[in-house]
S.K.: 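Next up is a structure, given as structure tokens.
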Amino acid sequence: RSPTRTREPLAWNGTGTTQNLFAIVLGRCYAYTQLLRPGLRSEDCPKILDAFKSAFISKNPCNITQQDYRPLVDLVNQTVPCNKSLFWSKSKELAHQYARVQGKMFTLEDTLLGYLADDLTWCGDPGSVEPNYQSCPHWNECLNHTGSVFWKVISKKFAESACGVVQVMLNGSLSKPFRKSSIFGNMELFNLDPRKVHTFQAWVMHDIGGNSSDSCSSPSLTELEAIVTERNITFTCQNNYRKVLGKMEPLVPDQDGATGP
Ligand code: N1C
């Protein structure tokens, strides 16, 4: 029992904080700023870690606010070059692989803040100065939990800073590739600035070898198109964008509906 703890931590339904969280975050910060994308100041990493800790340590993990992450977000000034922002929903792996082979596309996890937190779990406890390693709220256990607020805050900032042409990769194997309630649908889409973003390209990807259908004409994509167009941004949609599949898997047979430029 830690001397700083006055009682057992609150019990939640999700997995607890990732072991060695702070060492991982600090190490990722140095790796990113020093090796991956030199240009950001690696001297700031200890400050970044402190701001990250302060956002959730000793707090109820279901009552986190966007303000809690403000100091962290304000410490990191990173802009993504125009035409290079890649959003995604339910297609994280493919989007990341594509961003990687393309080299110059940025998903949120290719920015420092997204990179620091990718695949980690963290939360605090009101009775302790340590993270709760036993359990954290599951994503559907409460609305404003440590992780969901973090992704909402940084997704919003990522979208606000996008310019030129933006791209979103959606999962065409789902009945609703676009959902308004997703982080993409409710934090990113509505925070694109029409004064900076002129074109919005949707790529609807299907499982290789699976049923391929014309998702661009489905009601879900029509809804997305209406929102984008209403915001005065030009909308385009492609099924199985050939450039993505071609780069990823050279042996993919020609799929119907592939209309890459
Ligand atoms: O809710 P989503 O997808 O539509 O969110 C995806 C959207 C992307 O464009 C990203 O820029 O929002 C950003 N984003 C992440 O980068 C991210 N990395 C890890 C949002 N969520 C992210 N996660 C975790 O995945 C987080 O825990 C969140 O709740 C899920 C959302 O994934 P989704 O439903 O596939």
Side-chain angles (χ1 to χ4, degrees), residues 12-18 21 24-25 28 32 52 55-56 61-62 64 66 69 72-73 76 78-80 83-100 102 105-123 135-163 165-193 197 200-205 207 215 220-221 223-224 227-228 233 241 244:
W12 305 98
N13 294 331
T15 52
T17 299
T18 309
L21 175 77
I24 294 174
V25 170
R28 283 185 179 181
Y32 188 95
F52 175 67
F56 68 94
C62 271
I64 299 297
Q66 303 208 7
Y69 284 110
L72 171 65
V73 167
V76 180
Q78 183 177 23
T79 51
V80 171
N83 312 319
K84 300 297 181 197
S85 301
L86 174 60
F87 301 94
W88 52 264
S89 195
K90 300 276 182 279
S91 54
K92 182 176 168 188
E93 294 316 316
L94 186 62
H96 283 172
Q97 288 172 29
Y98 179 66
R100 207 164 302 138
Q102 267 283 316
M105 295 298 297
F106 284 77
T107 65
L108 183 53
E109 290 79 12
D110 297 301
T111 69
L112 176 60
L113 286 172
Y115 183 80
L116 294 182
D118 196 19
D119 290 333
L120 302 181
T121 304
W122 66 94
C123 70
S135 67
C136 287
H138 189 255
W139 62 270
N140 64 8
E141 206 167 346
C142 54
L143 214 51
N144 296 314
H145 73 68
T146 330
S148 66
V149 175
F150 173 84
W151 288 110
K152 284 182 201 161
V153 168
I154 73 165
S155 299
K156 178 166 179 269
K157 187 180 174 186
F158 181 58
E160 282 168 350
S161 74
C163 48
V165 181
V166 302
Q167 292 162 339
V168 61
M169 192 181 284
L170 300 173
N171 187 337
S173 305
L174 302 175
S175 59
K176 285 187 84 184
F178 167 66
R179 284 174 313 119
K180 250 177 144 171
S181 60
S182 64
I183 295 189
F184 165 68
N186 92 74
M187 296 307 292
E188 296 183 324
L189 182 55
F190 289 95
N191 283 299
L192 296 172
D193 182 350
V197 174
F200 181 103
Q201 297 181 331
W203 301 337
V204 193
M205 309 306 294
D207 286 341
S215 295
S220 158
L221 266 291
E223 184 189 13
L224 175 60
I227 295 171
V228 172
I233 299 172
Y241 186 37
V244 177

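The chain is numbered in sequence order, starting from 1. Each ligand, and each atom within it, is numbered from 1 in the order the structure gives.
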S.K.: Short check: is a protein heavy atom less than 4.0 Å from atom 20 (C) of ligand 1?
M.R.: yes
S.K.: Please list, in number order, the atoms of ligand 1 under 4.0 Å from a heavy atom of K90.
M.R.: 3 (O), 33 (P), 34 (O), 35 (O)
S.K.: Distance to 0.1 Å, residue and atom name: give those for the protein heavy atom nearest to atom 15 (C) of ligand 1.
M.R.: E109 OE2, 3.1 Å
S.K.: If you have a sec, work out which protein heavy atom is nearest atom 29 (O) of ligand 1 and how many Å separate them, to one decimal?
M.R.: I183 CD1, 4.1 Å
S.K.: Output the list of atoms in ligand 1 that are nearer than 4.0 Å to some heavy atom of L108, sorted by atom number.
M.R.: 11 (O), 13 (C), 15 (C), 16 (O)
S.K.: Run the numbers for me: atoms of ligand 1, each under 4.0 Å from some heavy atom of S155, listed by number.
M.R.: 12 (O), 13 (C), 14 (N)
S.K.: Ignoring hydrogens and angles, state whether a donor on the side chain of E93 or Y98 is under 3.5 Å from an acceptor on the partner side chain.
M.R.: no
S.K.: Where is the tightest heavy-atom contact between G147 and W122, given as atom of each residue plus distance?
M.R.: CA-CZ2, 4.3 Å
S.K.: Please report whether ligand 1 has a polar contact with S89, defined as an N or O pair separated by less than 3.5 Å (distance criterion only).
M.R.: yes
S.K.: Could you grab the distance from atom CD1 of I154 to atom CG of L112, nearest 0.5 Å is fine?
M.R.: 9.0 Å
S.K.: For D193, check side chain to side chain contact (heavy atoms under 4.5 Å, CB included) against everything at least two apart and list the hits.
M.R.: R195, K196
S.K.: Can a salt bridge be assigned to the pair D110 and K84 using a cut-off of 4.0 Å between side-chain N and carboxylate O?
M.R.: no
S.K.: Considering only protein heavy atoms, which is closest to atom 26 (C) of ligand 1, and at what distance to one decimal place?
M.R.: W151 CD1, 3.4 Å
S.K.: Out of F87, W88, F184, whose heavy atom is nearest to atom 32 (O) of ligand 1?
M.R.: W88
S.K.: Could you tell me the residue and atom name of the protein heavy atom closest to atom 11 (O) of ligand 1, and the distance to it rounded to 0.1 Å?
M.R.: E188 OE2, 2.6 Å
S.K.: Under the rule for side chain to side chain contact (heavy atoms under 4.5 Å, CB included), what residues qualify as partners of L174, not counting sequence neighbours?
M.R.: K90, N171
